[in-house]
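Small disclaimer: the values here were computed from a predicted structure and weren't measured. Numbering starts at 1 and runs along the sequence shown.
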Amino acid sequence: MSTDSAPRARQLPRVAMVGLGVAGLGPFLATLTAAFLAPPPGQALAIETFLAYGAVILSFLGGVHWGLALVGAGGPEPAGRRLVVGVLPSLIAWPALLLDPPATTATLLTGFVALRLYELGPGAAGLPRAYRRLRTRLTAVVAACHLGLIARLLLLA
């Protein structure tokens with residue numbers, strides 16, 4: 001492998017950065033909109049769908065850290081800690097689905113923010129800079145969507 005190809009291997013493909021990352025926001029935005037605008041039965045389905053999607057995505061993000069630990073790409077971050085961080089989002093997201101919708105939403109929001117904060121500190125090791133920037137932007141939108149759903153749930157109460 002030539003030395004000039006190594007940096008490219010650490011860059012994210014444009015399709016991941018723009019296409020898939022932004023497209024992943026679509027279900028959050030669509031279901032949040034439906035939670036406000038759909039007829040009442042559709043609102044309930046939109047809320048359930050939003051929360052299920054949030055749990056899946058939070059679990060997926062944990063998998064990134066599991067993968068880093070398995071390939072030893074975590075730098076000074078101990079692999080055992082990275083493995084724990086990799087599984088914690090799933091262990092938070094799945095039981096959160098058993099709570100009432102406001103508690104589920106708050107728990108998922110906390111999980112997204114906590115994982116991002118970890119990635120800004122010791123969890124940054126092994127993550128490409130472009131990925132970290134993308135995650136900050138996507139997490140900001142996801143957090144705003146969760147706050148929007150909390151507001152909607154308060155209106156329904």
Looking at every non-hydrogen atom in both residues, tell me the closest pair between [X] and [Y] and how far apart they are.
| X | Y | result |
| --- | --- | --- |
| Phe112 | Thr139 | O-CG2, 4.0 Å |
| Gly126 | Leu68 | O-CD2, 3.6 Å |
| Pro101 | Ile47 | CB-CG2, 4.2 Å |
| Ala34 | Ala46 | CB-CB, 3.6 Å |
| Leu58 | Ala93 | CD2-CB, 4.1 Å |
| Pro27 | Gly24 | CD-O, 3.5 Å |

Please tell me whether [X] and [Y] are part of a single hydrophobic cluster in this structure, the criterion being side-chain heavy atoms less than 4.5 Å apart.
| X | Y | result |
| --- | --- | --- |
| Val84 | Ile92 | no |
| Leu156 | Leu37 | yes |
| Val113 | Val56 | no |
| Leu32 | Val141 | yes |
| Leu25 | Leu109 | no |

Working to the nearest 0.5 angstrom, can you tell me the gap between [X] [atom1] and [Y] [atom2]?
| X | Y | atom1 | atom2 | answer |
| --- | --- | --- | --- | --- |
| Leu108 | Leu97 | CG | CG | 6.5 Å |
| Leu120 | Arg116 | CG | CZ | 4.0 Å |
| Arg152 | Thr33 | CZ | OG1 | 12.0 Å |
| Leu138 | Leu61 | CG | CG | 9.0 Å |
| Leu134 | Leu20 | CG | CG | 10.0 Å |
| Phe50 | Thr105 | CZ | OG1 | 6.5 Å |

Is it true that a side-chain atom of [X] and a backbone atom of [Y] form a donor plus acceptor pair closer than 3.5 Å?
| X | Y | value |
| --- | --- | --- |
| Arg82 | Gly72 | no |
| Thr31 | Thr49 | no |
| Gln43 | Ala38 | yes |

When you compare the side chain of [Y] with that of [X], does any pair of heavy atoms fall below 4.5 Å?
| X | Y | value |
| --- | --- | --- |
| Leu51 | Leu149 | yes |
| Leu127 | Val64 | yes |
| Leu29 | Cys145 | yes |

> Checking side-chain contact (heavy atoms from CB on, under 4.5 Å) for the pair Val142/Ile57: CA distance, chi angles, key distance, verdict?
Replying inline: CA-CA 10 Å; Val142 168; Ile57 294 302; 5.9 Å; no
> Can you name the one residue among Leu115, Leu83, Leu88 that meets side chain to side chain contact (heavy atoms under 4.5 Å, CB included) with His65?
Replying inline: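 Testing each of Leu115, Leu83, Leu88 against His65, the sole residue satisfying side chain to side chain contact (heavy atoms under 4.5 Å, CB included) is Leu115.
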> Does Phe36 CZ have over 12 foreign heavy atoms under 6.0 Å away?
Replying inline: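 Result for CZ/Phe36: enclosed.
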> Could you walk me through whether Arg135 and Glu119 pass the salt bridge (Lys or Arg N to Asp or Glu O under 4.0 Å) check?
Replying inline: CA-CA 9 Å; Arg135 282 277 294 119; Glu119 292 171 344; 2.9 Å; yes
>> Trp66 vs Leu70, test: side-chain contact (heavy atoms from CB on, under 4.5 Å). Steps then yes/no.
In response: CA-CA 6 Å; Trp66 184 269; Leu70 291 179; 3.2 Å; yes
